[in-house]
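Worth saying up front: this structure is predicted, and the values here are computed from it rather than measured. Quick note: numbers below take in every heavy atom, side chains included, and nothing from hydrogens, waters or symmetry partners.
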Amino acid sequence: MDGAAPLEPRDRLTRRLRRSARAGSPHLSGLESLILSENELTESGPRALAASPHLGGLRRLDLNQNAIGPAGAEAVAASERLPKLEVLK
């Protein structure tokens, strides 16, 4: 073992979601709710989510406790790729 602490399940999921969102992964297509609170996201995270062609079914997105800034929030709120989004935190 290299001495690194094992990743918690949430940390592993966060890494996978970040990679998936950047890559426009079709594995995100079934999501209706996505909770990414307290994941150290910056403005680029919500911009990537807003641009994803695979999140059209997303109804709830929680980005609380992240440094996404007004531009990140506006990108999600104005995204035409998120037509079913009802709740944005």
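Legend: residues meeting side chain to side chain contact (heavy atoms under 4.5 Å, CB included) with R60, ordered by chain and number and at least two apart, are S33, I35, D62, V87, K89.
Taking every heavy atom of both residues into account, K84 and G57 meet most closely at CD-CA, 4.1 Å. What you find for G72 and E43 is that their closest heavy atoms are N-CG, 3.8 Å. Annotation for A50 and A75: closest pair CB-O, 3.4 Å, computed over non-hydrogen atoms. Closest of all the heavy-atom pairs between A73 and L88 is O-CD2, 4.2 Å.
One finds the CG atom of N39 at 9.5 Å from the CG atom of L63 (value rounded to the nearest 0.5 Å). Here the CG atom belonging to L41 is positioned 13.5 Å from the CZ atom belonging to R47, to the nearest 0.5 angstrom. The structure places CG of L58 at 11.5 Å from OG of S29, a figure rounded to the nearest 0.5 Å.
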Margin query: Determine whether L49 and L36 satisfy the following criterion, side chain to side chain contact (heavy atoms under 4.5 Å, CB included), listing intermediate values before the conclusion.
Written below: CA-CA 11 Å; L49 293 170; L36 294 173; 3.8 Å; yes
